[in-house]
Chemist: 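Take this structure first; my questions come after.
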Amino acid sequence: MYAFETTLVCLLALAVIFLFKAVKVVPQGYEYTVERFGRYVQTLTPGLHIIVPFVDRIGSRINMMELVFDVPSQDVITKDNAVVTVDGVIFYQILDASKSAYEVSDLKNAIMKLTMTNIRTVMGSMVLDELLSLRETINARLLYVVDEATSPWGTKVTRIEIKDIKPPRDLIDSMARQMKAEREKRALILESEGERQSAILEAEGERQARINRAEGLKQSMILEAEGRRESAQRDAEARERLAQAEAQATLVVSEAIGKGNTQALNYFIAQKYVEALQEFARSPNQKMIMMPLETSSLIGTIASIAELTKDTLKPASSATPKTKDKA
């Protein structure tokens with residue numbers, strides 16, 4: 001009975017060990033390689049798997065996620081013999097677990113050594129100015145070379161970034177002085193350009209101002225000439241109307257004289273006489289007028305004017321009774 005129980009316990013323990021060796025669970029993001037008697041036979045993807053116990057065994061547990069590691073700093077001699085210190089960072093991902101496990105030994109170390117070698121090759125073929133200004137170009141060339149070299153290992157290098165490029169201290173000081181001189185040069189150029197633009201704008205403004213003044217003077221002269229022309233035209237019209245009035249007055253006086261009324265002639269002479277006195281009075285250089293003046297003649301003349309005015313303004317009704325008397 002005791003021997004039977006012992007055998008049962010041993011079989012149970014053997015079954016547990018057998019089950020432990022046969023069942024394999026692969027977590028997400030990993031793949032396991034399976035070897036049978038030391039030879040690769042298959043790759044286990046994430047999930048539950050059953051393998052042959054004591055015959056098959058897990059060879060390598062491969063991380064299939066994208067990985068990153070730093071490239072150590074190293075000195076690089078450029079094409080123009082400048083020594084710079086360079087470091088970087090690499091992003092890569094394993095696409096084929098079996099190749100990464102059996103085509104290369106120590107994949108991470110192999111990728112790092114390959115990258116460091118190509119950094120010296122690529123950056124050593126460039127001068128210092130290109131090294132400092134063409135970092136994107138350097139990254140692209142390194143990525144192309146390293147990715148092509150790691151393809152047989154079932155690995156994809158997704159990105160290589162040069163983190164820092166440190167020239168020697170004396171070279172940094174020279175670059176700082178050069179940058180300062182360049183900035184001072186640009187400042188002087190910009191200042192000169194500003195002064196030139198200011199002078200141009202000032203001259204343009206002065207020219208526009210002269211044009212505006214000339215335009216204004218031209219318009220003023222045109223308006224003044226038009227004003228004189230209109231004034232002369234109206235003066236001519238006034239003189240013409242005055243001449244017509246004088247002609248009409250002369251005709252009236254002539255008809256009155258023809259009818260035997262000599263007071264019309266006196267009125268005409270008195271009017272001219274008064275106008276002449278007004279002209280003398282308006283003269284600025286004549287403060288005193290000495291001339292023979294007969295007061296009686298003037299009074300007689302004014303009386304003649306009054307009589308003439310009465311005859312002229314006499315209403316027609318006064319003549320009508322005479323007509324009736326004649327009838």
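The first residue of the sequence shown is numbered 1, and numbering continues consecutively from there.
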Chemist: Nearest heavy-atom pair of Leu132 and Pro167: which atoms, and what distance?
Modeler: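 That would be CD2-CG, 4.4 Å.
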Chemist: Quick check: are there more than 12 heavy atoms from other residues, nucleotides or ligands sitting under 6.0 Å from CD of Gln197?
Modeler: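 Enclosed: over 12 neighbouring heavy atoms sit under 6.0 Å from CD of Gln197.
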Chemist: Which ring-ring contact (aromatic ring centres under 6.0 Å, His included) pairs, counting each pair once, include a residue from residues 44-76, with sequence neighbours left out?
Modeler: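 Listed by first then second residue: Phe69-Tyr92.
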Chemist: Can you confirm whether more than 12 heavy atoms, excluding those of Met221, are under 6.0 Å from its CE atom?
Modeler: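 No, because the 6.0 Å sphere around CE of Met221 holds 12 heavy atoms or fewer from other groups.
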Chemist: Do the charged groups of Arg169 and Asp173 touch, with an N to O distance under 4.0 Å?
Modeler: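 Answer for the salt bridge query: yes.
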Chemist: Answer yes or no: is there a side-chain heavy-atom contact under 4.5 Å between Thr78 and Met126?
Modeler: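 They are not in side-chain contact.
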Chemist: Taking the side chain as every heavy atom from C-beta outward, state whether Asn63 and Ile94 have any pair of such atoms under 4.5 Å apart.
Modeler: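 Heavy-atom side-chain distance check fails, nothing below 4.5 Å.
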Chemist: Answer yes when Arg196 and Glu193 have at least one side-chain N-carboxylate O distance shorter than 4.0 Å, and no when they do not.
Modeler: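 Answer for the salt bridge query: yes.
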Chemist: Between Arg186 and Glu182 (salt bridge meaning N to carboxylate O under 4.0 Å), is one present in this structure?
Modeler: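 A salt bridge is absent here (no side-chain N lies under 4.0 Å from a carboxylate O).
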Chemist: If you count the non-hydrogen atoms of other residues, nucleotides and ligands that lie under 6.0 Å from CD in Gln178, is the total more than 12?
Modeler: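 12 or below, so no.
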Chemist: To the nearest 0.5 Å, what is the distance between CE (Met175) and CE (Met179)?
Modeler: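 The distance works out to 8.5 Å.
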Chemist: Answer yes or no: is there a side-chain heavy-atom contact under 4.5 Å between Asp70 and Asp87?
Modeler: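 No - every pair of side-chain heavy atoms lies 4.5 Å or more apart.
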Chemist: Is it true that atom CG of Leu134 has more than 12 heavy atoms of other residues, nucleotides or ligands lying nearer than 6.0 Å?
Modeler: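 Yes, enclosed.
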Chemist: In the single-linkage hydrophobic clustering (I, L, V, M, F, W, Y; side-chain heavy atoms under 4.5 Å), do Trp153 and Phe91 co-cluster?
Modeler: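 In one cluster with Trp153: Phe91, no.
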Chemist: Treat each ILVMFWY residue as a node, draw an edge where side-chain heavy atoms are under 4.5 Å apart, and state whether Tyr40 and Leu44 are in one component.
Modeler: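 Each belongs to a different hydrophobic cluster.
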Chemist: Counting only heavy atoms not in Arg135 (residues, nucleotides, ligands), do more than 12 fall under 6.0 Å from its CZ?
Modeler: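 Buried by this count: over 12 neighbours within 6.0 Å.
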Chemist: Restricting to non-hydrogen atoms, name the atom on Thr33 and the atom on Ser60 that form the minimum distance, rounded to 0.1 Å.
Modeler: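 The pair with the smallest heavy-atom distance is OG1-N, 2.7 Å.
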Chemist: Would one find more than 12 heavy atoms of other residues, nucleotides or ligands at under 6.0 Å from atom NZ of Lys163?
Modeler: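 Correct, the count exceeds 12.
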Chemist: Please list every donor-acceptor pair under 3.5 Å in which a side-chain atom of residues 15-30 meets a protein atom from a residue at least two apart or in another chain.
Modeler:
none

Chemist: Going by side-chain contact (heavy atoms from CB on, under 4.5 Å), Thr115 matches just one of Val146, Leu143, Leu142, Val145. Which one?
Modeler: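 Testing Thr115 for a side-chain contact (heavy atoms from CB on, under 4.5 Å) against Val146, Leu143, Leu142, Val145 leaves exactly one candidate, Val146.
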Chemist: Which is it for Glu206 and Arg213 under the salt bridge (charged side-chain N to carboxylate O under 4.0 Å, His left out) test, yes or no, and what are the steps along the way?
Modeler: CA-CA 10 Å; Glu206 181 64 25; Arg213 286 197 294 270; 3.7 Å; yes
Chemist: Would you call Glu204 and Arg207 a salt bridge, using N to O less than 4.0 angstrom?
Modeler: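 Salt bridge flag = yes for Arg207 with Glu204.
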Chemist: What I'd like to find out is whether the side chain of Leu188 reaches to under 4.5 Å of the side chain of Glu191, using heavy atoms alone.
Modeler: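 SC-SC contact between Leu188 and Glu191 confirmed.
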Chemist: Looking only at heavy atoms, what is the nearest atom pair of Arg141 and Ser125, with distance?
Modeler: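 So the two residues come closest at NH2-OG, 3.8 Å.
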